[in-house]
Amino acid sequence: MAITRRSMMLGSAAGGAAALTLAACSSDGDSGSGSSDGGGSGEPILANGTEPENPLIPTNTSEVGGGRVITSVFSGLVYYTADGKVENEVAESIESEDNQTWTITIREGLKFSDGTELTAQNFVDAWNFGANTANAQKSQSFFEPIEGFAEVAADDATEDLTLSGLKVVDDTTFTVKLVSTQADFSSRLGYSAYSPMPPSAFDDIDAFGEAPIGNGPYMVDSWTHDSEIVLVPNPEYDGPRAAQNAGVTFVVYAKDETLYNDMLSGNVDVSDIIPTGALSTFEDELGDRAVNAPGAVFQSFTIHQEDPDFTGEAGKLRRQAISYAIDRKAICDSLFYGTRSPATDFVAPVIDGGGATDIPGAEVLTFDEAKAKELWDKAEEMEPFKGPFTLAYNADAPHKDWVEAVCNSIKNTLGIEASPNPFPAFGEFREQITARTMEGAFRSGWQADYPSVFNFLGPIYSSAAADGKGSNDGDYKNPEFDDLLKKGLAAPDIDAANEKFHAAEAILMEDLPAIPLWYQNTFGGYSDLVSNVEYGWDTVPLYYAITK
C-alpha cells in the first residue's frame with residue numbers, strides 16, 4: 001500500500017473520481033501513441049520522492065516511493081487515465097466469454113528499453129515469478145485469482161513451480177484461467193504488479209532491481225540511494241503515455257518544509273506533499289497552482305495481531321476502546337484545514353461503494369469518551385494492559401503533528417501512557433514492519449492501485465496477503481472475511497459485489513486489524529516553471545504529461 005496506488009470494478013470508472021487539470025492548455029499525453037520525444041525545454045521535471053523500500057521490481061513494490069518510479073518505467077496491459085478510466089496500453093485486446101478464461105493479445109513490435117522484443121512470454125514469466133513463494137514478492141497476493149496459485153504460494157513451493165492457469169499461445173497471445181468467474185479481472189491489469197519483465201531480469205534479479213529495464217515511457221538513468229532517482233525518456237516506448245518532457249528527477253527530502261520552500265522558489269516543479277504547517281496557507285500562496293480535491297487515499301494505524309496487549313477478546317475490546325478514544329473530527333479540523341475528512345469505513349469515498357456510512361459496527365469510528373472507557377475497563381478486568389501504547393511513524397513525511405494529536409486523544413480519554421515513536425526515514429520504518437520487529441502500533445494506510453472497494457480490502461487484510469506475501473502487515477486472518485471477498489469478486493455486477501465487500505467491512509469494524517482515521521485529499525502544488533500539470537484520480541501527478 002504501506003501506502004501504496006489504481007477502474008477495477010467491471011471495467012467502469014471510479015464513481016466520483018475526477019482528474020485535476022491544472023493549466024490552461026490540456027495534456028496530450030493521455031491519448032494517442034508515439035515514441036517519447038523529450039519535449040519541453042530540455043530540462044527534467046523535478047519532483048518529490050521517497051527512497052523505495054525495495055529494489056525496483058514490479059512484483060515487489062507496494063509503497064508510493066517505489067511505485068511512482070515503477071509506473072513510470074514499466075507499462076502494463078492497460079493503464080488508467082486521469083479520471084480513472086481503463087484504456088489499453090500494451091494490450092491489443094483482453095477478451096473472455098465466461099469471465100473465467102481470458103485471452104490476452106498484446107500489440108506487435110513493442111520493445112523493452114534495451115531493445116529486447118516484448119512478447120507474451122514476458123508477462124507470463126513475470127507473473128509466475130511474482131506468484132511463487134520462493135521469490136518472496138510483496139505483491140504475491142495479486143495473483144491469487146489465477147488457477148494454480150495455491151500450489152505456487154505454498155510455504156514449500158520450489159522456484160520451478162508455475163501457475164497452471166497461465167499459458168503462452170504465441171509471441172503476442174497468452175491465456176489466463178481464474179479460479180472463479182471475475183468480471184472485473186481485465187480492469188486490474190494496469191496495476192504495476194502485472195507488468196512484464198525481460199529475460200535478463202531473472203539472470204540476476206537483485207541487480208535488475210537496482211537498474212531495471214522496463215517498457216514504460218521512462219528508463220532509470222541513475223539511482224543515488226536516499227538522495228535521488230533520475231529518469232530519462234525511453235526511446236523505445238510506443239504508447240499513450242509518451243513523455244512530454246526531458247525526464248523526471250525524484251528528489252528525496254528529509255523535511256517536507258524544505259520541499260515546500262523549494263517548490264515556492266522554483267527548485268521543485270511538482271509536489272504531492274504539503275507540510276502540516278502550510279495547510280492553512282498553501283492555497284493562498286500557490287493560487288491556481290494549488291491542488292486540493294477528494295482523493296483515493298485512506299489513512300489508519302495498524303496493531304499487529306500478535307501484540308500481547310491486543311490479542312483475544314480483551315485485545316478486541318481494547319482495539320475498539322482506542323478507536324472510540326480518537327476525536328477524528330477535531331484533529332481534521334485543527335490540523336488539516338479541509339484536506340482530510342474523518343473515515344466512516346475502510347475505503348476512500350471517491351471509489352464507487354467507498355465512504356459508506358451504513359456499515360454495521362461503524363459507530364466504533366466515532367469519538368465517544370464514555371464508550372471508550374467502558375470497553376477499556378472491560379478489557380482490564382480480563383487482562384491488565386502492560387503498555388505503554390506507542391504509535392510509530394516515519395519522520396521524513398508530514399506525520400508528526402497528527403500522530404501526537406492521536407496519542408494525546410487516546411491518553412486524555414483513557415488515562416494511559418500513549419506516545420509517538422518516530423523513525424528518521426521511511427526505509428528504516430518499513431524495514432521493521434516487514435521484519436515483524438516493530439513494537440506497538442504503526443502508521444498505515446492505502447493509496448489505491450485501481451478504483452475498487454476490493455483493492456482497499458484484499459491486499460491489506462486478506463489471509464493471502466499476510467505473512468509477508470502482500471501488504472497485510474498486521475497478519476490479520478479471518479476465513480469469514482476472506483470468503484466474503486471471494487463472493488464479492490465473483491458477483492455479477494458492482495452493486496452485488498459491493499454488498500459482499502461491505503459485509504466484509506462489518507467484520508473489520510469488529511476486529512479492527514487497523515484503526516481507520518481519515519480519508520486524504522489529493523493535494524499538492526507546482527511551480528510556475530511547468531505547465532500541463534495533472535494529478536491522476538489516485539492522487540499521483542501524471543509526470544509524463546508535464547512540460548517545462
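- The closest side-chain donor-acceptor pair between R430 and T50, if any, does not fall under 3.5 angstrom.
- Atom NZ of K167 has 12 or fewer neighbouring heavy atoms from other residues, nucleotides or ligands inside a 6.0 Å radius.
- Under the 30°/60° scheme for interplanar angles, the aromatic rings of F481 and Y476 are found to stand perpendicular.
- Contact detail for A504 and L485: the closest heavy-atom pair is CB-CD2, 4.1 Å.
- In this structure, the ring of W518 has its center no less than 6.0 angstrom from the ring center of F298.
- With hydrogens and angles left out, the side-chain atoms of T339 and Q520 include no donor and acceptor closer than 3.5 Å.
- A side-chain donor from one of S180 and Q182 sits under 3.5 Å from a side-chain acceptor of the other.
- Between D483 and K500 there is no salt bridge, since no side-chain N of the basic residue sits under 4.0 Å from a carboxylate O of the acidic one.
- Between the side chains of Y526 and D272, no donor N or O sits under 3.5 Å from an acceptor N or O.
- Under the 6.0 Å cut-off for aromatic ring centres, F456 and F501 do not qualify, their centroids lying 6.0 Å or more apart.
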Next item on the list: I would like to know whether D269 and Y543 meet side-chain hydrogen bond (donor to acceptor under 3.5 Å, both in side chains); could you show each step before the answer?
Entry: CA-CA 10 Å; D269 293 312; Y543 301 105; over 6 Å; no
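- Taking CG from N292 and CD from E283, the interatomic distance works out to 4.5 Å, rounded to the nearest 0.5 Å.
- Just one residue in the list N88, I104, I94 forms a side chain to side chain contact (heavy atoms under 4.5 Å, CB included) with S186, and that residue is I94.
- When the side chain to side chain donor-acceptor pair (under 3.5 Å) test is applied to Y393, no partner is found at least two apart in sequence or on another chain.
- A distance of 6.0 Å or more separates the ring centres of F282 and Y337.
- Remark: the D98 side chain and the S96 side chain contain an N/O donor-acceptor pair separated by less than 3.5 Å.
- Using a 4.0 Å cut-off between charged side-chain N and carboxylate O, D511 and R319 make no salt bridge.
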Notebook entry, point to check: What do the steps show when you test S93 against R107 for side-chain hydrogen bond (donor to acceptor under 3.5 Å, both in side chains), and what is the final call?
Noted result: CA-CA 9 Å; S93 63; R107 293 193 288 129; over 6 Å; no
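- In terms of heavy atoms, D327 sits closest to S409 at N-OG, 3.2 Å.
- With rounding to the nearest 0.5 angstrom, the CG atom of N521 is 6.5 Å from the OG atom of S341.
- The closest side-chain donor-acceptor pair between E89 and S75 falls under 3.5 angstrom.
- Of the candidates Y194, F123, F149, F143 forms a ring-ring contact (aromatic ring centres under 6.0 Å, His included) with just one, namely Y194.
- Salt bridge K477/D482: absent, no basic N to carboxylate O contact under 4.0 Å.
- Counted by atom type alone, T81 and D83 present one or more donor-acceptor pairs between their side chains at under 3.5 Å.
- Checked by atom type, the side-chain pair E92/T105 shows no donor-acceptor distance below 3.5 Å.
- Ring geometry for F429 against F426 counts as tilted: the plane angle lies between 30° and 60°, on a 0 to 90° scale.
- Of the N and O atoms on the side chains of T522 and T539, not one donor lies less than 3.5 Å from an acceptor on the other residue.
- Paired with W127 under the rule ring-ring contact (aromatic ring centres under 6.0 Å, His included), one option of F142, F174, Y191 passes, and it is F174.
- Not counting sequence neighbours, E147 has no partner by the side chain to side chain donor-acceptor pair (under 3.5 Å) test.
- Closest approach of A441 and F301 over heavy atoms only: CB-CD1, 3.8 Å.
- N245 and Y218 are linked by a side-chain donor-acceptor pair at a separation below 3.5 angstrom, with hydrogens and angles left out of the test.
- The nearest pair of heavy atoms linking D345 to G353 is OD2-O, 4.3 Å.
- Just one residue in the list I273, T276, D396, I274 forms a side chain to side chain contact (heavy atoms under 4.5 Å, CB included) with D256, and that residue is I273.
- For the atom pair CD of E363 and CE of M509, the computed distance is 9.0 Å after rounding to the nearest 0.5 Å.
- The closest side-chain donor-acceptor pair between T71 and Y79, if any, does not fall under 3.5 angstrom.
- Nearest heavy-atom pair across T302 and A514 is OG1-CB, 3.7 Å.
- Considering every non-hydrogen atom in both H502 and A356, the closest pair reads NE2-CB, 4.0 Å.
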